[in-house]
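These notes concern the structure reproduced below.
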Amino acid sequence: LFDEPLSNLDAKLRVAMRTEIKSLHQRLKTTSVYVTHDQIEAMTMADKIVVLRDGVIEQVGSPLDLYDRPANMFVAGFIGSPAMNFLKATASSAGHATIEGGASISIPNVQLPAGKIVTVGVRPENLSVAGEGDGFAAQVEVIEPTGADTQVFCKIGSTQEVMVMLRDRVTARPGDTLWLKADAAKTHVFDNETGKRMNQL
């Protein structure tokens, strides 16, 4: 039983110890229960993850199962770094919804009545820069290059914030407009009342 064993270590040592513990587990081939609030630890070390909230199990599954098919908004927001973007949207027609600013976004594999308010979830790496007029417009607020990736924080309309993770170098500057497009096959739709995912991916 491990109860947050790495929480007081610095970042570099934490990564090294994560690898050491996983290697030890693979050699011993014994069951381990590992408690953590760090979802990176959970994703990299676990064979199976149990996500708890207020003592209630929200979802059980493999790391990639929880990442690709979160049961609800809590799991979707907890698993993945950087976190999933949540966009308030209004269902407008079959397979589409309207987000703030009037832009349309695809919401696959779900039938919704027109006018229903939902939350669309898109991971930062599932957004890409599109040509002008394709996708939806977002104003660049902050750009954070991390080396291999560039994180771009944008605003849609007056209040909706969205983060994009790009592999390519970014020439845009704060104040510029980027046209963003979501990967429809990896776009989630959540019920606003229950928080549960509505579409099957």
Side-chain angles (χ1 to χ4, degrees), residues 1-88 118-128 141-154 160-167 182-183 185-201:
L1 174 63
F2 295 90
D3 189 2
E4 300 195 57
L6 309 183
S7 58
N8 292 319
L9 303 181
D10 64 63
K12 187 175 182 180
L13 184 55
R14 198 151 66 214
V15 171
M17 287 304 299
R18 215 166 58 201
T19 305
E20 186 65 30
I21 291 173
K22 186 165 185 176
S23 176
L24 182 66
H25 169 69
Q26 289 170 346
R27 287 201 313 271
L28 296 179
K29 293 182 171 55
T30 187
T31 301
S32 300
V33 177
Y34 191 104
V35 180
T36 181
H37 287 88
D38 185 329
Q39 52 90 23
I40 293 294
E41 284 182 23
M43 287 289 290
T44 56
M45 299 177 73
D47 298 309
K48 182 178 288 186
I49 297 176
V50 179
V51 180
L52 290 166
R53 176 169 59 167
D54 298 329
V56 176
I57 295 175
E58 295 287 335
Q59 189 172 355
V60 179
S62 70
L64 291 180
D65 192 40
L66 269 61
Y67 185 86
D68 293 333
R69 290 173 289 279
N72 54 45
M73 288 179 64
F74 179 79
V75 176
F78 179 73
I79 297 292
S81 180
M84 183 182 284
N85 295 298
F86 293 116
L87 308 172
K88 297 298 180 187
V118 295
T119 297
V120 176
V122 185
R123 296 201 181 278
E125 64 271 26
N126 296 144
L127 287 167
S128 58
E141 299 276 302
V142 177
I143 298 174
E144 294 183 350
T146 63
D149 303 308
T150 302
Q151 298 179 1
V152 184
F153 295 83
C154 303
Q160 182 68 69
E161 296 179 346
V162 64
M163 199 267 264
V164 191
M165 181 178 282
L166 303 172
R167 278 285 180 183
D183 183 343
K186 297 178 181 177
T187 299
H188 305 268
V189 183
F190 299 97
D191 188 289
N192 268 12
E193 295 178 6
T194 65
K196 293 183 178 179
R197 183 165 56 89
M198 303 172 71
N199 61 332
Q200 301 300 313
L201 299 180

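Contact record, Asn199 with Val189: OD1-N, 2.9 Å, taken as the closest heavy-atom pair. Residues Asn126 and Lys186 come closest through the heavy atom pair ND2-CD, 3.4 Å. Of all non-hydrogen atoms in Arg123 and Gly80, the two that sit nearest each other are NH1-CA, 3.9 Å. Summarising the geometry of Ile79 relative to Met43, their closest heavy-atom pair is CG2-SD, 3.5 Å, with the distance given to 0.1 Å. Taking each heavy atom of Phe86 and Gly121 in turn, the nearest pair found is CD2-CA, 4.2 Å. In terms of heavy-atom proximity, Pro70 sits nearest to Val75 at CB-CG1, 4.0 Å.
Using a 4.5 Å heavy-atom threshold, the side chains of Gln151 and Pro124 count as separate. Side-chain contact check for Arg14 versus Glu41: some heavy-atom pair is nearer than 4.5 Å. In this structure, Asp38 and Leu6 have side chains that are not in contact, with every pair of non-hydrogen atoms separated by 4.5 Å or more. Considering only heavy atoms from C-beta on, Ile40 comes within 4.5 Å of Arg18 through its side chain. You'll find the side chain of Ile49 stays beyond 4.5 Å of the side chain of Val60, heavy atoms only.
With respect to Val152, the side-chain contact (heavy atoms from CB on, under 4.5 Å) criterion is satisfied by exactly one of Val142, Leu127, Leu166, Val162: Leu166.
By the 6.0 Å contact criterion, CG on Asn8 is open, its count of non-hydrogen atoms from other residues, nucleotides or ligands being 12 or less. Counting heavy-atom neighbours within 6.0 Å of Gln26 CD, excluding the residue itself, gives a total above 12. Taking a 6.0 Å sphere around CD of Glu161, one finds it holds 12 or fewer heavy atoms contributed by other residues, nucleotides or ligands.
Taking OH of Tyr34 as the start and CG of Asp3 as the end, the distance is 10.0 Å to the nearest 0.5 Å. To the nearest 0.5 Å, atoms NE2 (His188) and CZ (Arg197) are separated by 6.5 Å. A distance of 11.5 Å separates NZ of Lys29 from CG of Leu24, quoted to the nearest 0.5 Å. Rounding to the nearest 0.5 Å places CZ of Phe78 at 14.0 Å from CE of Met84.
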Kindly indicate, with the supporting measurements, whether the criterion side chain to side chain contact (heavy atoms under 4.5 Å, CB included) is fulfilled by Lys88 and Thr119. CA-CA 5 Å; Lys88 297 298 180 187; Thr119 297; 3.2 Å; yes
Under the criterion side chain to side chain contact (heavy atoms under 4.5 Å, CB included), I'd like the reasoning laid out for Ile57 against Leu52: C-alpha separation, chi angles, the key distance, then a yes or no. CA-CA 5 Å; Ile57 295 175; Leu52 290 166; 3.5 Å; yes
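Counting only distance, with no hydrogens or angles, the side chain of Asn85 and the backbone of Met163 share a donor-acceptor pair below 3.5 Å.
Residues meeting the side chain to side chain contact (heavy atoms under 4.5 Å, CB included) test with Ser23, sequence neighbours left out: Arg27.
In this structure, a donor-acceptor pair under 3.5 Å is absent between the side chains of Lys48 and Ser62. No side-chain donor from either of Gln59 and Asn72 sits under 3.5 Å from a side-chain acceptor of the other.
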